[in-house]
Amino acid sequence: MSYKPELTGRWWLKHGHFKRYMLREATVIPLVFLLCSLLAGVFSLQDVERFSQWQAYMAHPLVIIGHTVALGAALYHAATFFVLFPRVMPIRIANYTLPARLMVAGQWAAVLAVALLCLWLVTGGRV
Amino acid sequence: MTQPRTCYVDISRYDPERGDQYPTMQRVQVPYDDSTSVLDVLQYVKEQVDSSLSYRWSCRMAICGSCGVMVNGIPKLGCKDFVRDYVAHKGVGRDHAANDAPALTIEPLAHFTGERDLVVNMDEFLTHLEAVKPYIIDPASRPNNPSAATHSQTPAQLARYQQFANCINCGLCYAACPQFGLNPEFVGPAAIALAHRYNLDSRDHGKHERMQVLNTHDGVWSCTFVGFCSDVCPKGVDPAAAVNQGKVESAKSMLIQLFKGSSIGDSRS
Amino acid sequence: MQQHEYDVVVVGGGGAGLRAAIAAAQASDGNSRIALLSKVYPMRSHTVAAEGGAAAVTRDDDSLQAHFEDTVAGGDWLAEQGVVDYFVKHAHRELVQMEHWGCPWSRQPNGNVQVRRFGGMKTERTWFAADKTGFHMLHTLYQTALQFDAITRFDEYFVLDIGVAEDGDEREVTGVLALDIKTGALHCIRAGAVIMATGGAGRVFKFNTNGGIVTGDGMAIAYRNGVPLRDMEFVQYHPTGLPGSGILITEASRGEGGVLVNKDGYRYLQDYELGPETPLGKPQNKYMELGPRDKLSQAFWHEQQRGRTGKHGTSDVVYLDLRHLGKAFLEERLPFICELAKAYVNVDPVHEPIPIRPAVHYTMGGILTDAQCETPIQGLFAAGECASVGLHGANRLGSNSLTELLVFGRLAGEQAWQRANARRNTPAKSDDMTAKTQYWQQRISAMQQNPKHAAVSSWPQLKQDLVATMERGCGIYRDEAGLQQSLNDIHELKVAYQRMHVADSSRGYNTDLLQAIELGFSLDVAEATCLAALERRESRGAHQRLETEYQQRNDEQFLKHSLVRWRDEQPATLEWQRVDTTLSAPKVRAYGEQGNAQASTPNRTQGGKV
């Protein structure tokens with residue numbers, strides 16, 4: 001004498017919050033693509049010809065688009081993750097709880113630092 | 001006095017005794033002003049239009065947790081959700097009734113078994129609540145010991161759990177949680193928040209017992225941090241935070257048990 | 001019909017009911033079967049809406065005697081003094097017990113429990129959990145009760161009646177008749193003792209702070225079974241309800257330093273024997289805003305008569321100003337008040353005064369019990385707002401009732417278990433349960449089958465008429481003509497009620513039927529309230545008469561409890577019962593400067609026994 005509503009596979013289309021959640025989860029797809037590309041690069045180090053093939057692959061416009069999407073996906077995921085972080089691991093020092101905004105800012109500062117370090121490595125310290 | 005404004009509302013109706021298999025929508029024209037809540041709309045319908053409409057309500061001040069419903073697909077407390085916010089959204093002029101598209105669609109809380117109209121089976125939620133042992137567990141305490149003094153608990157110790165103690169058991173977070181919709185065995189946001197509330201209480205010694213429940217697949221690990229539960233919480237409890245803090249605790253307790261060599265779930269140490 | 005056997009049945013899952021169930025389970029060492037019936041899930045009970053706090057003597061500079069005197073004077077000497085004495089002595093241990101069960105009491109920096117000021121209390125003695133004390137107490141009790149295997153919950157069971165066995169003059173309770181809301185089925189639950197813990201009847205009035213469930217069910221059930229309702233004329237108006245909805249704004253707002261002003265920004269309470277004005281941000285116990293609720297609500301009425309109230313929508317209002325307390329303090333001590341004011345009157349208390357007006361809040365009277373919470377029907381107990389154990393007299397002091405739930409909930413639970421245990425091995429007596437079941441089956445089908453033509457009313461109409469006439473004739477100030485009119489209206493409504501039609505004929509979750517039955521209960525309670533108010537021709541506490549000759553307290557004639565008895569299909573009757581004033585003889589009840597002057601003169605008739 002009752003009914004149990006069934007959740008169909010399309011539940012996440014019901015509203016914006018679920019769509020954004022699925023987008024966050026979907027960021028894994030371009031990131032897998034990027035990871036495969038990098039792995040291929042590692043294997044191509046075995047001989048010169050394969051390495052130049054890999055370089056040509058990496059320069060292909062579609063691949064560049066794919067990797068740009070991956071960068072965007074990584075930043076989007078980071079943005080969502082950073083906001084969640086203070087809620088999952090609140091930092092308390094004595095009676096004082098570190099404000100969430102400060103923790104989010106701190107994480108972005110760390111991203112910036114890592115990005116700068118990479119840039120420095122890539123350019124061989126010329127920057 | 002100006003003429004009262006009116007709008008149309010769709011209300012989900014379901015009465016198995018009339019042979020209904022699934023809910024159907026009833027469209028009603030209702031008056032409203034700036035203070036009319038969704039609960040007021042339901043009261044109007046019950047007292048003026050159709051007295052057979054069934055829904056739960058009591059305090060009408062957002063503390064008893066009875067009147068949870070879906071309004072336009074979002075879990076809301078009927079008494080703390082106002083018609084003005086929906087007609088304004090539609091950008092329609094003063095008399096919304098001119099356009100008979102419903103401004104609001106009111107349905108029972110999602111993911112629960114529907115019993116009648118807007119009434120759902122809340123036992124499904126309370127069973128989970130009871131499973132996490134939401135009470136002070138203190139082997140040293142003796143029942144009815146009036147002479148004993150209070151525990152010392154500083155405002156900082158209180159602040160650690162206070163937010164999670166504000167849950168009114170309205171069930172909106174379960175209606176927001178797709179994982180609960182997909183797997184009704186998932187302990188769910190409010191129950192885990194309550195477990196976390198007691199785990200964080202400086203007077204409690206029962207964390208180990210509660211972690212037995214939270215460590216399982218149907219415990220914290222069913223959660224994929226959709227986070228909608230916290231968005232819809234009318235009391236700012238942030239159950240998603242509790243669940244995911246619970247994951248950290250769960251990971252810790254699992255690691256500890258791994259090193260101790262006992263299997264997860266049956267340790268009594 | 002389903003039959004069940006239990007030792008103790010508790011009717012009502014609010015603070016008193018839960019505390020009683022736990023006490024009975026503990027008293028029996030778990031060797032008992034306790035049924036806890038509630039028409040809503042226990043955490044929905046109206047205890048949840050209590051905000052301010054629970055009183056118990058706590059500080060070193062406080063005394064049991066002072067709490068006793070505040071309560072007796074607050075009740076205008078109509079409290080049962082032996083009961084008050086017991087109450088103040090057991091208050092603290094109950095709050096400590098709640099602390100052990102996990103209640104998140106607000107704390108001082110050193111980790112001790114914090115206490116706040118409350119109206120009519122001489123010293124700070126009100127324990128609180130921010131401004132959601134009732135909510136936290138109720139959830140703590142509900143969650144604690146989950147541990148007891150002896151307690152079986154019957155959530156969403158609506159109790160219609162009690163079974164009574166008569167043996168000469170002796171009358172004993174034998175159980176309850178309940179309707180399972182989910183299925184519509186009737187259940188007969190037999191027990192050696194029954195505890196009524198069904199709360200008040202504020203919904204008998206139009207403008208009130210109460211939840212929709214507060215319809216006086218338990219009072220009416222006991223009343224119809226021959227238990228008198230005592231002191232029903234004393235209905236507390238809380239001075240600060242939100243206009244329109246009646247939503248409660250806690251007295252703690254004033255305890256923490258909030259002030260009341262009229263439309264001119266003037267702190268009008270100084271004109272009503274509550275002054276002199278206390279400096280802003282320096283509240284003083286028993287002065288101005290910390291006077292008792294009856295005096296403050298009456299002051300509003302006078303301001304309204306003088307045209308010094310403002311307007312919010314169609315409501316006359318005065319204003320509760322909290323702005324000087326500052327945002328941080330309000331967020332710590334009064335977060336719920338801020339939330340409510342923003343949501344329901346669109347006012348941020350940090351920046352604007354809150355418009356407020358008095359609203360019916362609490363029924364001081366209720367089911368007559370002795371000092372052990374037992375009614376004249378043996379084995380039938382009552383505790384909490386539905387009971388008149390005699391704690392509040394003519395006016396309840398804020399924060400005494402949350403403690404009352406605990407002190408008398410526990411006492412009722414323990415006493416009920418003792419009674420049930422003694423009756424365990426006695427043969428079952430023949431009772432009227434079968435007859436009552438038949439009565440209710442007929443009554444319900446009659447309501448559903450009454451012809452539905454225009455002349456026959458529906459419950460929403462009758463309810464509107466009831467609450468309107470109560471508001472008109474039985475408000476803050478009353479007179480003979482108004483009360484007589486209301487009483488006549490109620491008699492007419494009771495006749496119309498018999499012919500009322502309930503459209504919904506289904507069984508499961510038939511809230512149409514439930515509200516109709518609740519209205520029947522409310523009508524009986526309203527009749528008792530009106531009759532007692534009519535017959536009390538004096539002014540005392542929350543009961544104020546407008547006639548010149550009745551404007552004063554009249555101890556010679558009315559230092560008595562009213563007892564109203566129900567009669568089937570006839571008007572109720574009233575008699576008087578003596579009051580226990582052996583510990584403190586009546587004197588003038590004064591607050592502010594006059595109260596202070598009076599406090600220096602000793603008044604106790606019998607030394608410091610408290």
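A, B, ... follow the sequence lines: proteins, then strands. Residue 1 opens every chain.
Listed for the B:H151 side chain is no donor-acceptor partner under 3.5 Å among the backbone atoms of C:G102. Here the side chain of C:R44 pairs a donor or acceptor atom with the backbone of B:C64 at under 3.5 angstrom.
Heavy atoms closer than 4.5 Å to chain C are found nowhere in B:K133, neither backbone nor side chain. Heavy atoms closer than 4.5 Å to chain C are found in both the backbone and the side chain of B:N166. The part of B:C170 that comes within reach of chain C is its backbone (N, CA, C, O), which places non-hydrogen atoms under 4.5 angstrom from that chain. Contact annotation for B:L194: only side-chain heavy atoms (C-beta onward) come within less than 4.5 Å of a heavy atom of chain C.
A salt bridge links C:D504 with B:R116: the closest approach of a Lys/Arg side-chain nitrogen to an acidic carboxylate oxygen falls below 4.0 angstrom. Between C:R507 and B:E17 no salt bridge is recorded (no basic side-chain N to carboxylate O distance below 4.0 Å).
When side chains are defined from C-beta on, B:R203 counts as touching C:E99, because their heavy atoms get closer than 4.5 Å. Looking at heavy atoms from C-beta onward, C:W127 lies in side-chain contact with B:T150 at the 4.5 angstrom threshold. With contacts defined as side-chain heavy-atom distances shorter than 4.5 Å, the pair B:T154/C:Q108 does not qualify. In this structure the side chain of B:M61 reaches within 4.5 angstrom of the side chain of C:L340, judged on heavy atoms. Contact of the B:L126 side chain with the C:Y142 side chain is registered, since non-hydrogen atoms from C-beta on lie closer than 4.5 Å. Looking at B:S58 and C:V40, their side chains never come closer than 4.5 Å, going by heavy atoms from C-beta outward. Using a 4.5 Å cut-off on side-chain heavy atoms (C-beta onward), B:S54 and C:N510 make no contact.
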Test log, rule side chain to side chain contact (heavy atoms under 4.5 Å, CB included), inputs C:F135 and B:I63: CA-CA 7 Å; C:F135 161 80; B:I63 192 77; 3.8 Å; yes

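Contact record, B:R56 with C:Y509: NH2-OH, 3.6 Å, taken as the closest heavy-atom pair. Of all non-hydrogen atoms in B:E47 and C:W459, the two that sit nearest each other are OE2-CZ3, 3.8 Å. Contact record, C:A343 with B:K80: CB-CE, 4.3 Å, taken as the closest heavy-atom pair. Looking at every heavy atom in both residues, B:R197 comes nearest to C:P104 through NH2-CD, 4.2 Å. Looking at every heavy atom in both residues, C:Y41 comes nearest to B:D123 through OH-OD1, 2.9 Å. Pairing each heavy atom of C:N110 with each of B:S152, the nearest pair is O-OG, 3.7 Å.
Counting heavy-atom pairs closer than 4.5 Å to chain C, the top residue among B:S202, B:A165, B:C59 is B:A165. Between chain B and the residues C:G244, C:A130, C:G111, the largest count of heavy-atom pairs under 4.5 Å involves C:G111.
Not a single ring-ring contact (aromatic ring centres under 6.0 Å, His included) links B:H128 to another residue, sequence neighbours left out.
Residues B:S51 and C:D512 have side chains that bring a donor and an acceptor to within less than 3.5 angstrom of each other.
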